[in-house]
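First up is the structure itself, then whatever we jot down about it.
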2 protein chains.
Amino acid sequence: MTFDRIDLKILDILQRDATVPVARIADKVGLSQTPCWKRIQKHEEAGVIRARVALLNPDALGLSLTAFVMVEAIDHTAEWRTEFLTVTETLEPVRDIYRLAGTHDFMLRVVVPDMPAFDAFYDTLTSSIRLRSVSSVFALEQVKACTALPLSGLFPSPN
Amino acid sequence: MTFDRIDLKILDILQRDATVPVARIADKVGLSQTPCWKRIQKHEEAGVIRARVALLNPDALGLSLTAFVMVEAIDHTAEWRTEFLTVTETLEPVRDIYRLAGTHDFMLRVVVPDMPAFDAFYDTLTSSIRLRSVSSVFALEQVKACTALPLSGLFPSPN
DNA sequence: GCTGAAAATACTAATAC
DNA sequence: GTATTAGTATTTTCAGC
């Protein structure tokens, strides 16, 4: 799949604000409405646009504690990994799961209301699966939150 | 600000899929269209709904390397912090900035196309501001990605 | 690939209940 | 809160260049 400058511009607008009407996007990228709409449609079908979602304010909802939990596997079998993912994917506070390079095997981004809730999560995690080590990092504040990808550094495909 | 079950349900629907029309949301939460639309409007004005955005697929755009960079401040003055935030907020690959509790002071989520790009970012960062220590963790794969907040564990406000 | 316009849908706001 | 209405905006499709 290739992207020209116009594609990147369209995607960049939408990943910042998905409420911008197609007519205005078309105007900004120098296209008329129909071809612009068709490109967006194509990107949606191809899965380049994964979803359109509303971003909520965690503090307003009392979800002000974010923790990053780094985990070492007890062994490196396929069975352990499968079980680990099955357990963590179904745990409510786990928002993201990253498989890591280096000494730690996985990192979880965990969102909970407060420390007692984190403690409860920690108990559930450690009693659900055996781990070699767990180390948690707590965020006091999220200074910047950005779901958009850094597209401006990308070169358009030469096709 | 208080949220009843209906508010939480509405927000949960929108944070998973913001394309669902108000009529269908109203139907799902057992409200008619007008009050449902007014609640959504209220949450948008109050900033509970921060934004509506499109989520893009990083791999499709050649942005497959995510790194978490943990930083220790060289000192704990207000000046250092201000400068650090000024520098990092303007660096393209930096998507999120967390202020941490513990030995490390900040963690950055960094998204780049590949290792050379990360190397370039690292050079820019370390030459822009003095740091006591930097340690990076690299993600091989993002197994789960979820921007939605875990609302199902929340109790509705008793009002 | 593009333009322009029509049709279908959804949103927004106001009404009376 | 509901139901209905109407006007506006947007999305989507359909012709033709």
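Proteins get letters first, then strands, A, B, ... in listed order; numbering begins at 1 in each. Basis for what follows: all heavy atoms, side chains included, without hydrogens, waters or symmetry-related copies. Not measured: the values here are computed from a predicted model.
Defined by atom type and a distance below 3.5 Å, a donor-acceptor pair is present between the side-chain atoms of A:E92 and B:S152.
Between the CD1 atom of A:I49 and the P atom of D:dT11 there is a distance of 12 Å, rounded to whole Å. Separating the CD atom of B:E44 from the P atom of C:dA13 is a distance of 12 Å, rounded to the nearest angstrom. Look at CZ on B:R52: it is 12 Å from C1' on C:dA10, rounded to the nearest Å. We find that CD1 of B:I40 is positioned 16 Å from C1' of D:dG1, with the value rounded to whole Å. At whole-Å resolution of the value, CG in B:D27 and C1' in D:dA3 are 15 Å apart. For the pair B:Q41 CD and C:dA14 P, the interatomic distance rounds to 12 Å; values are reported in whole Å. Note: NZ (B:K38) to C1' (C:dT15) measures 11 Å, nearest angstrom. Whole-Å rounding puts the A:Q33 CD to D:dT10 P distance at 9 Å.
In this structure, the nucleotide among C:dC2, C:dT12, D:dT11 sitting nearest to the side chain of A:V22 is D:dT11. For A:S32, taking side-chain heavy atoms from C-beta onward, the closest of the listed nucleotides C:dT3, C:dC2, D:dA3 is C:dT3. Listed nucleotides: C:dT3, C:dC11, D:dG1. Nearest to the side chain of B:P35: D:dG1.
The 12-atom threshold is exceeded at CZ of B:R50, counting heavy atoms of other residues, nucleotides or ligands nearer than 6.0 Å. Surrounding NZ of B:K38 are at most 12 heavy atoms belonging to other residues, nucleotides or ligands under 6.0 Å away.
The aromatic rings of A:F68 and B:Y98 lie perpendicular to each other, with more than 60° between the two planes, well past the 30° mark. Using cut-offs of 30° and 60° on the angle between ring planes, the pair A:F138 and A:F118 is perpendicular.
Nucleic acid contact for B:P21: sugar-phosphate only, since backbone atoms but no base atoms lie under 4.0 Å from a heavy atom of the residue.
Contact annotation: B:R39 side-chain N/O to D:dG1 OP1/OP2 distance is under 4.0 Å. Using a 4.0 Å cut-off, no side-chain N or O of A:W37 falls inside it from OP1 or OP2 of D:dT11.
Each of A:K42 and A:T34 was matched to the nucleotide of DNA chain C holding its nearest heavy atom; the match closer to the 5' end belongs to A:K42. Judged by closest nucleotide on DNA chain D, B:G30 is the one of A:A23 and B:G30 placed further toward the 5' end.
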